[in-house]
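Everything on this sheet refers to the single structure shown next.
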Amino acid sequence: MSQFDKLLLRIYMLDKNLRFDEIKKVLEHYGYSMKSPASGSSHRTFRKPGRRKITIPQHDPIKAIYIEMVKEIVEKEEENEEKENR
């Protein structure tokens, strides 16, 4: 099992010790790009064309609600990849 697969497993299990960099790595893997606000806020917004944006505060560890939101994104992206591979 690759490190990335282990990271996805931690997201599926809603691991409360996930760090912002790990969440960022997963979202970028699925084509999301991160934007930082000009005002210096700690919140980072991830966008992907045709998908809803997600805003996550850059704090460690990540709060459970944000991990749940990322889990939903991962599930949808995996579903879309399965449909494309049929």
Side-chain angles (χ1 to χ4, degrees):
M1 182 180 282
S2 72
Q3 287 184 342
F4 187 77
D5 290 335
K6 290 178 184 178
L7 181 55
L8 288 179
L9 183 60
R10 289 177 60 203
I11 288 173
Y12 280 115
M13 295 176 64
L14 302 175
D15 184 347
K16 295 179 181 172
N17 294 315
L18 285 165
R19 296 184 323 267
F20 180 83
D21 289 342
E22 293 170 323
I23 295 294
K24 178 182 174 194
K25 180 178 181 177
V26 168
L27 291 172
E28 287 178 342
H29 171 80
Y30 289 108
Y32 285 77
S33 59
M34 185 181 79
K35 301 290 180 190
S36 301
S39 64
S41 171
S42 64
H43 288 68
R44 304 294 180 249
T45 301
F46 293 88
R47 291 188 167 94
K48 179 177 179 179
R51 303 286 196 268
R52 276 188 353 172
K53 68 180 180 178
I54 180 172
T55 301
I56 302 174
Q58 188 173 354
H59 299 289
D60 291 324
I62 301 293
K63 290 186 179 181
I65 187 67
Y66 299 109
I67 297 170
E68 289 174 19
M69 292 182 345
V70 171
K71 179 184 174 196
E72 288 177 20
I73 288 173
V74 169
E75 289 171 343
K76 287 179 185 174
E77 292 294 333
E78 290 291 324
E79 223 175 84
N80 289 338
E81 282 183 11
E82 284 180 22
K83 287 179 183 176
E84 289 175 5
N85 290 333
R86 288 185 187 169

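Throughout, residue positions are numbered sequentially from 1 according to the sequence presented. Small disclaimer: the values here were computed from a predicted structure and weren't measured.
Nearest heavy-atom pair, Ile67 versus Ile11, reported as atom, atom and distance to 0.1 Å: CG2-O, 4.2 Å. Contact between Tyr66 and Pro57 at its shortest, heavy atoms only, is CZ-CD, 3.3 Å.
Here Glu68 pairs with nothing under the side-chain hydrogen bond (donor to acceptor under 3.5 Å, both in side chains) rule; sequence neighbours left out.
Between Thr55 atom OG1 and Arg47 atom CZ the span is 7.0 Å, to the nearest 0.5 Å. Annotation: the span from Tyr30 atom OH to Leu8 atom CG amounts to 4.5 Å, rounded to 0.5 Å. Summarising the geometry, atom NZ belonging to Lys24 is positioned 12.0 Å from atom CD1 belonging to Ile62; distances are rounded to the nearest 0.5 Å. Rounded to the nearest 0.5 Å, atoms OG (Ser33) and NZ (Lys53) are 12.5 Å apart. Going from atom CD of Glu82 over to atom CD of Glu78 covers 7.0 Å, rounded to the nearest 0.5 Å.
When the shell of 6.0 Å around CD of Glu81 is examined, it contains more than 12 heavy atoms from other residues, nucleotides or ligands. Residue Met34 places its CE atom among more than 12 non-hydrogen atoms of other residues, nucleotides or ligands, all under 6.0 Å distant.
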Only pairs under 3.5 Å count here: list side-chain donor-acceptor contacts from residues 69-77, not counting sequence neighbours, and write none if there are none.
| residue | atom | partner | partner atom | Å |
| --- | --- | --- | --- | --- |
| Glu77 | OE1 | Lys48 | NZ | 2.9 |
| Glu77 | OE2 | Lys48 | NZ | 3.3 |
| Glu77 | OE2 | Arg51 | NE | 3.0 |

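Within the 4.5 Å cutoff, the side chain of Ser42 has heavy atoms near those of the His59 side chain. Counting only heavy atoms from C-beta outward, the side chains of Leu18 and Leu7 approach each other to under 4.5 Å. By the 4.5 Å heavy-atom criterion applied to side chains, Arg10 and Glu22 are counted as neighbours. Using a 4.5 Å heavy-atom cutoff, the side chains of Pro37 and Arg44 are in contact.
At least one donor-acceptor pair under 3.5 Å links the side chain of Asp60 to the backbone N or O of Phe20.
Put simply, Leu27 and Leu9 are part of two different groups of oily side chains (I, L, V, M, F, W, Y) that touch within less than 4.5 Å, one to the next. Under the 4.5 Å side-chain heavy-atom criterion for ILVMFWY residues, no single connected hydrophobic cluster contains both Phe4 and Met13.
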